[in-house]
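Accompanying notes for the structure given below.
Just the heavy atoms: all of them, side chains too, but no hydrogens, waters or symmetry mates, feed the values below.
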Amino acid sequence: GGGGVAGVQRAKAESEDAMKRGDASGHLAARAEAISRGSQKWMALSGTGSLLQYLSNRGMKLVLLPLPNNVNGKEEGTRMQEFTKQLPRVHFDFTLKEGKQVPEIIDTVVEKLGLERVVTMIVSDRDDYLREAKQSGMITCRVRFRPNSPRGNISAHYSVESIADVQGVVDEINGISFNAVFAAGAKQ
């Protein structure tokens with residue numbers, strides 16, 4: 001985990017930086033607490049709920065995947081359940097609580113939901129998911145949570161620095177632009 005003095009100092013610095021940007025103070029307090037305890041708890045970042053609701057309203061399927069090479073489904077399931085409680089208005093179409101290999105995890109999701117890989121996008125900060133998804137014909141979007149975070153070893157189709165930026169990627173893929181929305185609104 002990221003516990004200890006360095007973790008607390010990092011959380012404090014992130015909190016101060018985010019406050020300058022107007023991030024939710026409650027979210028930061030919870031995140032700082034999780035870091036100081038060395039927790040493995042999943043925290044919903046600002047904008048996550050709005051993005052997932054937007055995607056769901058557009059008819060897209062939402063899937064929650066385990067950490068790669070996770071064989072402790074009970075522990076991961078508990079973390080996932082806590083995460084979903086942070087997003088009460090979001091419905092996940094499928095939650096996979098364990099999986100040994102990333103190819104197996106992706107194949108399971110594709111099979112269970114009847115997805116076509118060429119029209120499926122995986123959003124992750126993990127190279128193993130991005131590599132497998134790209135190799136299997138999926139669209140990939142890397143989330144880099146900090147501007148200076150490593151780019152990873154896999155070249156994703158898209159790279160964003162915040163969860164909220166994923167909406168722009170989806171709109172671009174689907175051909176929705178500000179002008180199209182504006183024009184549609186003007187005709188009413």
Side-chain angles (χ1 to χ4, degrees), residues 40-145 149-181 184:
Q40 294 296 317
K41 183 177 182 178
W42 292 9
M43 298 300 297
L45 299 175
S46 293
T48 302
S50 298
L51 170 69
L52 295 175
Q53 284 180 309
Y54 173 80
L55 297 176
S56 184
N57 290 340
R58 301 265 328 262
M60 297 179 188
K61 296 186 188 290
L62 304 177
V63 178
L64 195 54
L65 301 176
L67 291 172
N69 301 312
N70 179 347
V71 292
N72 187 349
K74 182 176 183 185
E75 185 177 311
E76 193 76 344
T78 300
R79 281 195 290 262
M80 289 177 163
Q81 189 174 31
E82 290 173 0
F83 179 77
T84 59
K85 285 180 184 177
Q86 298 172 46
L87 304 166
R89 296 185 191 126
V90 175
H91 167 74
F92 288 93
D93 295 285
F94 185 61
T95 301
L96 185 62
K97 295 178 182 171
E98 64 183 286
K100 294 179 184 174
Q101 301 295 320
V102 172
E104 167 195 331
I105 293 169
I106 290 177
D107 288 346
T108 299
V109 171
V110 167
E111 181 182 313
K112 292 274 186 190
L113 295 176
L115 302 175
E116 289 183 62
R117 291 175 193 262
V118 296
V119 294
T120 300
M121 180 170 70
I122 189 159
V123 179
S124 182
D125 64 340
R126 305 210 171 258
D127 276 354
D128 20 19
Y129 274 125
L130 295 169
R131 177 183 304 110
E132 181 60 31
K134 191 170 183 182
Q135 288 175 351
S136 72
M138 293 178 166
I139 301 164
T140 56
C141 181
R142 177 185 300 279
V143 179
R144 294 176 51 221
F145 295 108
S149 66
R151 295 188 192 276
N153 296 322
I154 303 303
S155 175
H157 295 103
Y158 297 90
S159 182
V160 297
E161 291 184 4
S162 78
I163 291 293
D165 294 340
V166 175
Q167 181 176 335
V169 170
V170 171
D171 289 346
E172 181 180 324
I173 290 169
N174 287 318
I176 295 175
S177 69
F178 175 76
N179 291 336
V181 172

Determine whether Cys141 and Val160 satisfy the following criterion, side-chain contact (heavy atoms from CB on, under 4.5 Å), listing intermediate values before the conclusion.
CA-CA 7 Å; Cys141 181; Val160 297; 4.0 Å; yes
Given the rule in the side-chain contact (heavy atoms from CB on, under 4.5 Å) test, do Tyr158 and Glu172 qualify, once you have shown the distances and angles that lead to the verdict?
CA-CA 11 Å; Tyr158 297 90; Glu172 181 180 324; 3.6 Å; yes
Residues Ser50, Gln167; criterion side-chain contact (heavy atoms from CB on, under 4.5 Å); working and verdict:
CA-CA 9 Å; Ser50 298; Gln167 181 176 335; over 6 Å; no
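- The backbone N or O of Leu62 lies less than 3.5 Å from a partner atom in the side chain of Asp93, making a donor-acceptor pair.
- A distance of 5.5 Å separates CZ in Arg58 from CG in Asp171, rounded to the nearest 0.5 Å.
- Expressed to the nearest 0.5 Å, how far CG of Asp125 lies from CZ of Arg144 amounts to 11.5 Å.
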For Asp107 and Arg117, run side-chain contact (heavy atoms from CB on, under 4.5 Å): C-alpha distance rounded to whole Å, both residues' side-chain angles, the deciding distance at 0.1 Å, then the answer.
CA-CA 10 Å; Asp107 288 346; Arg117 291 175 193 262; 2.5 Å; yes
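- What you find for Val123 and Val143 is that their closest heavy atoms are CG1-CG2, 3.4 Å.
- The shortest non-hydrogen separation linking Asp128 to Val102 is O-CG1, 3.5 Å.
- Of the inter-residue distances, the one linking Leu96 atom CG with Glu104 atom CD reads 8.0 Å to the nearest 0.5 angstrom.
- When all heavy atoms of Gln53 and Arg89 are compared, the pair lying nearest together is NE2-CB, 2.9 Å.
- To the nearest 0.5 angstrom, Thr84 atom OG1 is 11.5 Å from Leu52 atom CG.
- The minimum heavy-atom distance linking Pro66 with Tyr129 is given by the pair O-OH, 2.6 Å.
- Between Val169 and Asp165, the closest side-chain pair of non-hydrogen atoms is not below 4.5 Å.
- The nearest pair of heavy atoms linking Val110 to Met138 is CG2-CE, 3.5 Å.
- Listed for the Lys134 side chain is no donor-acceptor partner under 3.5 Å among the backbone atoms of Thr140.
- Between Thr95 atom OG1 and Gln81 atom CD the span is 10.0 Å, to the nearest 0.5 Å.
- When each of Ile106, Asp127, Ile122 is tested with Glu132 by the rule side chain to side chain contact (heavy atoms under 4.5 Å, CB included), just one qualifies, namely Ile106.
- Rounded to the nearest 0.5 angstrom, Glu82 CD and Lys85 NZ are separated by 7.0 Å.
- A donor-acceptor pair under 3.5 Å is formed between the side chain of Thr120 and the backbone N or O of Glu116.
- In terms of heavy atoms, Met60 sits closest to Asn174 at CE-ND2, 3.3 Å.
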